[in-house]
Structures are given as structure tokens and as C-alpha cells.
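Presented below is the structure to which this report refers.
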Amino acid sequence: QVQLVESGGGWALAGGSLRLSCAASLRTGRVYAMGWFRQAPGNEREFVSAISWNSGRRDYADSVKGRFTISRDNAKNTIYLQMNSLKPEDTAVYYCAVDSRTPWGLPVSADEYDNWGQGTQVTVSS
């Protein structure tokens, strides 16, 4: 089992930047791919970005490509999401997720992740 703690959420003006962090603490199991999802009020949880265990592969939702950058530090079991050129439509609760079952995966579906953080609120005002 993996415990995840997100940080770095908050408020920003449109065009601004925020950096999210997610630290994973292992009780049992492994940490392979890690990802970020978000959920706005009234909407389903949607994929934002994912990174493979060795950082060799990354994927982004079309809505954030060119603006968001995902990275990870395996020595710290931590991933980051640098969010630039923020838009009001980026407002959501952002969730960190870990896939501890598939060593070579890069899942984009929430169903493929088996560990989730509690979420951190990101609010972007115009």
C-alpha cells in the first residue's frame, strides 16, 4: 500500500503558475507509473498527466500540453506538476495517483491506478 500526500495547490491569476508536488510513502508494494488527475465541480475526474517509473515516457491531456510539465524524483518517491499559463478552466481538485501493479505501464485511465492522494485545490481566477 502506498500513501500519497499532495501539496502546492492554491490560487493563481490567469496566466500565472503553480507547482504541485506529490510524495509517496511506501508501506508495502512498489511505485511504478505516477499520474495527475483533476476533478472540477459537476465533472468527472479527468486525466491530466502521467510519467513512467524511469521518467522515460510522459503523457499529457490535450488541454494541458505545452503548459504543464510532469517530472519525478525517484530518490524521494515524489512527482511534480509544473503548471504554467494557467487558465480559469484549470480550476479543479488535483489528485495524485500511483500504479503499483504494472512496471512498464503509463496508464491514462483512473481505473488503472490503485493508490490515490486526498487531492489539492487549484483555483485560477481571470
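Below, all heavy atoms of this structure are taken into account, side chains as well, without hydrogens, waters or symmetry copies.
- In plain terms, the two heavy atoms of P107 and D99 that are nearest each other are CG-OD2, 3.9 Å.
- Between F68 and V48, the shortest heavy-atom distance links the atoms CD2-CG1, 3.9 Å.
- Contact between R67 and S85 at its shortest, heavy atoms only, is NH1-O, 2.9 Å.
- A donor-acceptor pair under 3.5 Å links the side-chain atoms of D114 to the main chain of S100, judged by distance alone.
- Between E112 and V108, the closest heavy-atom pair is OE2-N, 4.0 Å.
- With Y32 contributing its side chain and G105 its backbone, the two residues share no donor-acceptor pair below 3.5 Å.
- We find the OG-CG distance between S49 and L81 to be 6.0 Å, quoted to the nearest 0.5 Å.
- Under the 3.5 Å distance criterion, the side-chain polar atoms of R57 are left unmatched by any main-chain donor or acceptor of S52.
- Across every non-hydrogen atom of C96 and I79, the tightest pair is SG-CD1, 3.9 Å.
- Side-chain atoms of L106 and R58, non-hydrogen and from C-beta on, never get closer than 4.5 Å to each other.
- A donor-acceptor pair under 3.5 Å is formed between the side chain of E6 and the backbone N or O of Q118.
- Linking ILVMFWY side-chain heavy atoms closer than 4.5 Å, directly or via other members, places L20 and M34 in a single hydrophobic cluster.
- A continuous path of hydrophobic side-chain contacts links I51 to L26 [ILVMFWY only; heavy atoms under 4.5 Å].
- For Y60 (side chain) and I70 (main-chain N/O), a donor-acceptor pair under 3.5 Å exists by modelled atom type.
- Annotation: the span from R38 atom CZ to N43 atom CG amounts to 9.5 Å, rounded to 0.5 Å.
- Relative to the ring axis of W116, R45 places its NZ or CZ within 45° and under 6.0 Å from the centre.
- When side chains are defined from C-beta on, M83 counts as touching V122, because their heavy atoms get closer than 4.5 Å.
- Distance CG/L4 to OH/Y113: 11.5 Å, rounded to 0.5 Å.
- Taken together through direct or relayed side-chain contacts under 4.5 Å among Ile, Leu, Val, Met, Phe, Trp and Tyr, F47 and W36 form parts of separate hydrophobic clusters.
- Side-chain contact between V2 and N77 is absent, with no heavy atoms from C-beta onward closer than 4.5 Å.
- With a 4.5 Å cut-off on side-chain heavy atoms, W53 and R30 do not count as touching.
- In this structure, the separation between SG on C22 and NZ on K76 is 14.0 Å, given to the nearest 0.5 Å.
- In summary, K65 and D62 engage in a salt bridge, as defined by a charged side-chain N under 4.0 Å from a carboxylate O.
- Nearest approach of S21 to Y80, heavy atoms of both residues: OG-CD2, 3.3 Å.
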Exercise. Verify side-chain contact (heavy atoms from CB on, under 4.5 Å) between L13 and W11, making sure each step is shown before the conclusion.
Key: CA-CA 7 Å; L13 282 171; W11 177 86; 3.7 Å; yes

